[in-house]
Amino acid sequence: TVIKEVKETLRRVPHKGVGYGVRRYLQGKRGKVQPRIGFNYLGSFEQEAESGMPVGTMIASGNVLEEDLDLTAVVVKNQLHLRIAYHSHLFHAATIQRLASGMVRHLLRLTKHCLAKDRSEYTPSDFSEKDLTLDELEDVFEIFEGKK
């Protein structure tokens, strides 16, 4: 259920989050509270990688780290690559290593859980009905499966 709730929350983000960074820079930084943690998922590049096209680095070397902690992820050839950048005066390397290890552990648990499912599970955002809750959708499926 937690996975479904997270999926629904993410799908409610306008335009999948595209434009947030643009708006932030267009508005200027005066008086604005900047995020302390940044996350950027660059997408999946299986087709380009398989064709021999080089992927390059995830972050330009001249970029300045504006957040205290910045996570950047990309999938290349079905493999997740995660870069964690941080200010060394705010975090110890051992702290970031524990964070990375915990993320790997939880991602592996999540992957194992999802792969163990024998069928896809739907959430309200998979359908056109906008006001349907997760509980209501589960009730509908139970009716169709003859459980109610």
Side-chain angles (χ1 to χ4, degrees), residues 1-27 29 32-60 63 65-87 90-148:
T1 301
V2 172
I3 295 171
K4 291 179 183 179
E5 290 171 1
V6 169
K7 173 184 167 185
E8 289 300 291
T9 300
L10 290 174
R11 286 198 173 167
R12 283 192 298 272
V13 173
H15 309 291
K16 297 182 181 180
V18 173
Y20 164 76
V22 173
R23 280 193 307 278
R24 184 175 76 177
Y25 289 106
L26 290 176
Q27 291 173 349
K29 298 178 185 176
K32 303 288 182 194
V33 175
Q34 296 300 309
R36 308 233 9 174
I37 298 175
F39 180 80
N40 192 12
Y41 174 64
L42 302 177
S44 180
F45 296 96
E46 280 83 9
Q47 294 170 338
E48 291 86 346
E50 290 173 2
S51 67
M53 182 181 234
V55 175
T57 60
M58 289 192 275
I59 304 296
N63 277 4
L65 182 61
E66 294 185 11
E67 295 82 17
D68 296 342
L69 180 69
D70 187 67
L71 301 114
T72 303
V74 63
V75 174
V76 178
K77 290 187 178 181
N78 291 322
Q79 185 175 32
L80 177 66
H81 296 263
L82 179 66
R83 176 185 176 270
I84 302 175
Y86 62 96
H87 289 289
L90 295 174
F91 299 100
H92 294 290
T95 302
I96 301 301
Q97 183 58 49
R98 281 194 308 275
L99 171 67
S101 296
M103 290 176 70
V104 168
R105 187 175 60 254
H106 289 295
L107 284 169
L108 289 172
R109 282 182 55 206
L110 178 63
T111 302
K112 183 178 178 181
H113 168 80
C114 291
L115 289 173
K117 297 288 183 180
D118 58 346
R119 62 182 170 86
S120 295
E121 294 185 23
Y122 296 101
T123 61
S125 63
D126 292 317
F127 302 97
S128 60
E129 175 58 45
K130 300 294 182 205
D131 297 325
L132 192 64
T133 68
L134 192 53
D135 288 335
E136 290 169 338
L137 181 63
E138 288 176 3
D139 289 344
V140 169
F141 278 117
E142 286 179 6
I143 290 169
F144 280 111
E145 293 170 356
K147 295 179 182 178
K148 278 195 169 186

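Given the structure is predicted, the values throughout are model-derived calculations rather than measurements. Nothing fancy with the numbering, it's 1 onward along the sequence.
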Chemist: Let me see the working for Val75 and His81 under side chain to side chain contact (heavy atoms under 4.5 Å, CB included), right down to the final yes or no.
Modeler: CA-CA 6 Å; Val75 174; His81 296 263; over 6 Å; no

Chemist: Look up atom CZ in Arg83 and atom CG in Asn40, then write down how far apart they are to the nearest 0.5 Å.
Modeler: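 The CZ atom of Arg83 sits 10.5 Å away from the CG atom of Asn40.
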
Chemist: If we only count heavy atoms from C-beta on, is the Leu71 to Met103 side-chain gap below 4.5 Å?
Modeler: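 They are in contact (side-chain heavy atoms under 4.5 Å apart), so the answer is yes.
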
Chemist: Nearest 0.5 Å, please: how far is OG1 in Thr111 from NE2 in His106?
Modeler: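 Reported to 0.5 Å precision, the distance equals 12.5 Å.
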
Chemist: Provide the closest heavy-atom pair for Phe91 versus Asp68 in the form atom of the first, atom of the second, distance.
Modeler: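 Smallest heavy-atom distance, with atoms named: CE1-O, 3.4 Å.
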
Chemist: If you define the side chain from C-beta out and look only at heavy atoms, does anything of Phe144 sit under 4.5 Å from Val140?
Modeler: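 Phe144 vs Val140: side chains touch.
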
Chemist: Suppose we screen for salt bridge (Lys or Arg N to Asp or Glu O under 4.0 Å). Which residues come up paired with Glu121, at least two apart in sequence or across chains?
Modeler: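 Glu121: salt bridge (Lys or Arg N to Asp or Glu O under 4.0 Å) contacts with Lys4, Lys117.
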
Chemist: Give the minimum heavy-atom separation between Gly38 and Glu67, together with the two atoms involved.
Modeler: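 That would be N-CG, 3.6 Å.
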
Chemist: Go through the structure and list residues passing side chain to side chain donor-acceptor pair (under 3.5 Å) with Thr9, not counting sequence neighbours.
Modeler: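 Per chain and number, Thr9 pairs via side chain to side chain donor-acceptor pair (under 3.5 Å) with Arg12.
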
Chemist: Could you pull out all residues at least two apart from Tyr41 that satisfy ring-ring contact (aromatic ring centres under 6.0 Å, His included)?
Modeler: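 Scan of Tyr41 (ring-ring contact (aromatic ring centres under 6.0 Å, His included), adjacent residues dropped) gives none.
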
Chemist: Do Leu82 and Thr72 pass the side chain to side chain contact (heavy atoms under 4.5 Å, CB included) test, and can you show the C-alpha distance, the side-chain angles, and the key distance before you say yes or no?
Modeler: CA-CA 6 Å; Leu82 179 66; Thr72 303; 6.0 Å; no

Chemist: Would you compute the distance between atom CD of Glu136 and atom CZ of Phe141 and round it to the nearest 0.5 angstrom?
Modeler: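 Rounded to the nearest 0.5 Å, the CD-CZ separation comes to 13.0 Å.
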
Chemist: Please name the pair of heavy atoms, one in Ala73 and one in Leu80, separated by the smallest distance, quoted to 0.1 Å.
Modeler: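 Taking every non-hydrogen atom into account, CB-CD1, 3.9 Å.
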
Chemist: Check step by step if salt bridge (Lys or Arg N to Asp or Glu O under 4.0 Å) holds for Asp70 and Arg36.
Modeler: CA-CA 8 Å; Asp70 187 67; Arg36 308 233 9 174; over 6 Å; no

Chemist: Please report the closest heavy-atom contact between Leu137 and Thr123, naming both atoms and the distance.
Modeler: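 Nearest pair, atom of Leu137 first, then Thr123: CD2-C, 3.3 Å.
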
Chemist: Short question: side chain of Glu145, backbone of Glu142 - any donor-acceptor pair under 3.5 Å?
Modeler: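 Side chain of Glu145 to backbone of Glu142: no pair is present.
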
Chemist: Testing the basics here: between Ile3 and Cys114, what is the closest heavy-atom pair and its distance to 0.1 Å?
Modeler: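 That would be CD1-SG, 4.2 Å.
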
Chemist: Between Leu69 and Leu99, is there a side-chain heavy-atom distance shorter than 4.5 Å?
Modeler: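 A side-chain contact under 4.5 Å exists here.
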
Chemist: So, does Glu8 use its side chain to make a donor-acceptor pair with the main chain of Ser125 at under 3.5 Å?
Modeler: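 Checking the backbone N and O of Ser125 against the side chain of Glu8, a donor-acceptor pair under 3.5 Å is found.
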
Chemist: Check whether any side-chain heavy atom of Thr133 sits under 4.5 Å from a side-chain heavy atom of Pro124, and report yes or no.
Modeler: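 No, side chains not in contact.
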
